Amino acid sequence: MELLTSEDFKNTKIQPEWTAMDYLLEVVRVDQEKMQEQTFMNKKKNGGLKRKRRTQEENNKNKRPITSYPPKPMMPEGLKQHIVENMGGSNCVLVIQKQLFFSDVNPQASRLLIPFSQVESHEFLNESEVERLKNKEAIKACLVEPSMEETEINFKRWDMRKKSMYVITTSWNSIVKNNQLKAEDVVQLWSFRVNSTLCFALQKL
């Protein structure tokens with residue numbers, strides 16, 4: 001993991017009214033953008049070599065390219081059975097699949113960031129919930145941990161200049177500790193409904 005330098009913040013415009021939380025969020029934003037940029041550059045570099053080899057092979061074989069699509073993520077059967085049979089849940093929707101950053105498991109931050117740009121679909125929220133989140137109101141919800149333990153969390157929306165994200169707070173540190181989550185782990189966050197009430201389930205891949 002490469003540390004941040006003053007050069008990384010050259011485009012940051014500090015506002016006089018910023019609080020300590022605003023500074024912390026800016027550091028998190030810059031850190032994630034830097035890591036995503038490095039990942040993109042590595043993939044681009046590797047992809048260039050692969051494309052060159054692939055082009056040579058296609059020219060030699062002169063075969064028609066075949067379009068393939070990644071398989072749609074499916075909820076693990078054990079988790080689905082727990083939600084449906086034990087909780088009476090339905091309407092399971094994948095919210096996000098993401099690799100955890102250090103900031104996601106840092107006990108001092110105590111929250112899980114869910115960037116809008118990585119959300120599979122926003123349709124897991126109804127109109128009332130969308131309005132509540134826009135008005136900075138937290139939604140209390142039940143979250144099923146990877147251990148199948150049920151925990152109450154707060155689901156919020158944070159707006160930062162040109163970017164917005166959902167955030168899970170309250171009990172997040174306990175969830176990280178109980179399930180031994182760490183940076184670079186890949187997790188899925190699913191939503192579902194129990195008698196129309198919004199709930200979530202976290203799955204560690």
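Predicted model, so just to flag it, every value in this text is computed and none were measured.
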Handout entry: Residue pair R157, M165: steps toward the side chain to side chain contact (heavy atoms under 4.5 Å, CB included) verdict
Key = CA-CA 6 Å; R157 170 175 170 163; M165 61 188 69; over 6 Å; no

Practice task
Tell me, with the steps shown, if Y166 and H122 meet side chain to side chain contact (heavy atoms under 4.5 Å, CB included).
Solution key: CA-CA 10 Å; Y166 298 120; H122 297 269; 2.8 Å; yes

Exercise for the section: May I have the step-by-step check of side chain to side chain contact (heavy atoms under 4.5 Å, CB included) for L189 and L143, ending in yes or no? Expected result: CA-CA 9 Å; L189 181 69; L143 181 142; 4.2 Å; yes

Practice task
Take V187 and L112 through the side chain to side chain contact (heavy atoms under 4.5 Å, CB included) test and state the conclusion after the steps.
Solution key: CA-CA 11 Å; V187 297; L112 174 66; 5.5 Å; no

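In terms of hydrophobic clustering, with Ile, Leu, Val, Met, Phe, Trp and Tyr side chains grouped at heavy-atom distances under 4.5 Å, V144 and W172 are assigned to different clusters. Under a hydrophobic-cluster definition in which Ile, Leu, Val, Met, Phe, Trp and Tyr are linked whenever side-chain heavy atoms come within less than 4.5 Å, directly or via other members, I139 and V119 are assigned to the same cluster. Under the 4.5 Å side-chain heavy-atom criterion for ILVMFWY residues, no single connected hydrophobic cluster contains both V186 and V105. Put simply, F116 and L133 are part of the same group of oily side chains (I, L, V, M, F, W, Y) that touch within less than 4.5 Å, one to the next. No single ILVMFWY cluster, assembled from side-chain heavy atoms under 4.5 Å apart, contains both V176 and V167.
Note: N91 CG to L198 CG = 11.0 Å, rounded to the nearest 0.5 Å. A distance of 4.0 Å separates CD of E150 from CE of M87, quoted to the nearest 0.5 Å. Within the model, atoms CG of L79 and SG of C92 stand 7.5 Å from one another, a figure rounded to the nearest 0.5 Å. Interatomic distance, S191 OG to L125 CG, rounded to the nearest 0.5 Å: 7.5 Å. Of the inter-residue distances, the one linking T170 atom OG1 with N154 atom CG reads 3.5 Å to the nearest 0.5 angstrom. To the nearest 0.5 Å, atoms CD1 (I153) and CZ (R111) are separated by 14.5 Å.
Contacts classified as ring pair (Phe, Tyr, Trp, His ring centres under 6.0 Å) and involving residues 174-205 (residues at least two apart or in different chains) are given here: F155-F200.
Contact of the E184 side chain with the L100 side chain is not registered, since no non-hydrogen atoms from C-beta on lie closer than 4.5 Å. Contact annotation: the side chain of L205 approaches that of Q203 to within less than 4.5 Å [non-hydrogen atoms, C-beta and beyond]. L202 has its side chain within reach of L181: a pair of non-hydrogen atoms, C-beta onward, lies under 4.5 Å apart. Contact of the V93 side chain with the E123 side chain is not registered, since no non-hydrogen atoms from C-beta on lie closer than 4.5 Å. For the pair V95 and S121, the minimum side-chain heavy-atom distance is 4.5 Å or more.
Counting all heavy atoms, side chain and backbone alike, R132 lies closest to A138 at NH2-O, 3.8 Å. Closest non-hydrogen pair, G89 versus V194, comes out as CA-CG2, 3.9 Å. Here the closest heavy-atom approach between residue K182 and residue K204 is recorded as NZ-NZ, 4.5 Å. Considering every non-hydrogen atom in both S103 and A109, the closest pair reads O-CB, 3.7 Å.
Every side-chain hydrogen bond (donor to acceptor under 3.5 Å, both in side chains) that S164 has, sequence neighbours left out, goes to D159.
Checking side-chain atoms of N179 against main-chain N and O of I175 turns up a donor-acceptor pair under 3.5 Å. Under the 3.5 Å distance criterion, the side-chain polar atoms of D104 are matched with a main-chain donor or acceptor of F101. Put simply, the side chain of N178 gets close to the backbone of S174: a donor and an acceptor are under 3.5 Å apart. Proximity of a side-chain donor or acceptor of N135 to a complementary backbone N or O of E131 within less than 3.5 Å is detected. Distance alone, capped at 3.5 Å, is enough to place a donor-acceptor pair between the R193 side chain and the F124 backbone. The backbone N or O of L113 lies less than 3.5 Å from a partner atom in the side chain of K98, making a donor-acceptor pair. At least one donor-acceptor pair under 3.5 Å links the side chain of N173 to the backbone N or O of P107. With hydrogens and angles disregarded, a donor-acceptor distance shorter than 3.5 Å links the side chain of E129 to the backbone of N126.
Other residues, nucleotides and ligands contribute over 12 non-hydrogen atoms within 6.0 Å of the CD atom of Q99.
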